[in-house]
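All ligand and atom numbering here is 1-based and tracks the order in the structure.
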Amino acid sequence: MCGIVGYIGKDQAAPIILDGLARLEYRGYDSAGMAVYDGEKVNITKSVGRLKALSELTHDGATMPGTVGIGHTRWATHGAPSNVNAHPHFNEKETIAVVHNGIIENYLALKKKLTQRGYHFVSETDTEVLAHMLDYYYKGDPMEAIIKVLHRVEGSYALGILFADFPGELFAVRKDSPLIVGQNGEGCFIASDVPAILRYTRTVTYIENQEIVRLSKEGFHVYNVDAEELEKPSVTIEWDAEAAEKAGYEHFMLKEMYEQPKTVADTAGPRIRGNDIVIEELGMSEEELLKVKKIHIVACGSAYHAGVTGKYVLEGMARIPVEVDLASEFRYRDPILEEGAMVIVISQSGETADSLAALREAKERGFKVLGIVNVVGSSIAREADNVMYTWAGPEIAVATTKAYSAQLIALYLLAMKFSRVRHTVTEEEFSEMLGDLRRLPDQIELLLNNKNRIQRFANRYIAAKEVFFIGRGIDYAISMEGSLKLKEISYIHSEAYAAGELKHGTISLIEEGTLVAAVATQSSLYQKIISNMVEVKSRGAFVLAVTCEGNREIEKAADYVIYIPITNRFFTNSLAIIPLQLFSYYVAVGKGCDVDKPRNLAKSVTVE
Ligand code: F6R
């Protein structure tokens, strides 16, 4: 969702910016643009569509000479995707250029005031007000102008700003939208995310809310809104640029699916110590864990689906009541949080606006928040009281796969920790669970190796109009994720239903040939789900079953069966999701969809 890259240094800025923006493509965008100072003035080039168009227009940056510049990929919020709405935006004199990630909430009021003062707007964007406001307040001191603007705008923003009067400098500022700064001795960089600059430097500084950065080719300084300089630590990024590249796979999504055995091992491994689970980051003693009376899990999209699985696992294994909320609902529903409540916010990116707002809501009410987060140093990771990282590495495909799998593991670990402390499982059961947890990576590998069979099956459904996913209990949780995967990347309408609900309306949607994917991994519920499969099959549905090895009985009710290896009943989602991911992927590939960047979607949803 909108990407920013800026450079000032010894090298040509435009090729570096284009390269950086390409590495942020996963965030989702519909237009792109760059502003570069050429020694006399600031030039802007923009284009609608893929970044490739901007590269072609500028001959890979060659037509925009200069060693300082800012670039942007825009994901339209205010105003359609168009050249005029694409960033950067200029003031009327074309001396100040701005790129913006986020939303200026009071832009209409500000636009009205600026219009009354004689400013003319060319775009429909909220961002353009920033360029004109900077112009209005600029009296020769960029910092002064930026600070005055910050005091007047409401909303979220990460900004990169060029002042033609200060060609040896680049300015940046953020509030509630991610921004990092890097330097390598030859120049300095700004970006929305680390992969954008990893090729040039591993030394990164995370900019906090309402901090202003002033960069030159020698280095950078960070100030607060009172223009006082701040000491900012830098961190060294350990992971490789290759980790964020395709490594020979056709799509990032496929590569990331194949990374799941490693991801699962990386998330679980360091927290399994002998015959115990140790989650130091929890920051809670056994006594404190015992005091937890209820858990609230809050998240969006797939992270929410991981939370729904978490509910079944935590309640089933550790007997703690769990409530799961969509973050966009939680933040506005005045949730009831009582003494003994623990709040867990799950997020891959750590930047999802609703999840961040939910975290703040819980903290404001005096509750501690545990973040289950993938992106190190992200906003949720920094604002949560404690962070359990999922260690999935950079996830580039918009549709999550490995980060979701890692979230499941984090939740299993938590449930196991709670169950041990609360004595809800025996020592023997606990040891068996540990064994099953350790075996998951190999079992996932096995399922991935079965991809050709699933691809053949998926090819039959390229023309499907709709697909239903059904399950009971924990299998309902995985049905939700399976359904989301399919619809988001293949654009086939799909819904997940608790199988017992079919009779209450949904079954009327079943027609001759409708594909119904039934997830049946819970032996205690086999008979129940088999009845539901028979119900849809007798109304013409083609039934695909995902079940555990040995459950041959299901073959009488299913048209096609995918078996998953035997594991603990609480861990089956980690295996059942693999064929469902592969199915969605191959349907989308078969349809010729842009698998890694589905239409209208963004990887990091930093606006509400
Ligand atoms: C679906 C998907 C989204 C995210 C959701 C939350 O494949 O990726 O549904 O799960 O936008 O994002 P994070 O986890 O970054 O908070």
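Applying the ring-ring contact (aromatic ring centres under 6.0 Å, His included) test to Tyr107 and every residue at least two apart in sequence or in another chain returns His78.
Closer than 4.0 angstrom to ligand 1 sit non-hydrogen atoms from Cys300, Gly301, Ser302, Ala303, Ser347, Gln348, Ser349, Thr352, Val398, Ala399, Thr400, Leu484, Lys485, Glu488.
Using a distance-only test at 3.5 Å, with no hydrogens or angles considered, a donor-acceptor pair links the side chain of Asp596 to the main chain of Phe252. Under the 3.5 Å distance criterion, the side-chain polar atoms of Lys417 are left unmatched by any main-chain donor or acceptor of Leu289.
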Apply side-chain contact (heavy atoms from CB on, under 4.5 Å) to Ile409 and Tyr412, showing your working.
CA-CA 5 Å; Ile409 299 297; Tyr412 302 161; 3.9 Å; yes
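Ring-centre distance between Tyr585 and His251: below the 6.0 Å cut-off.
Using modelled atom types, one finds no donor on one side chain facing an acceptor on the other under 3.5 Å when comparing Glu495 with Ser483.
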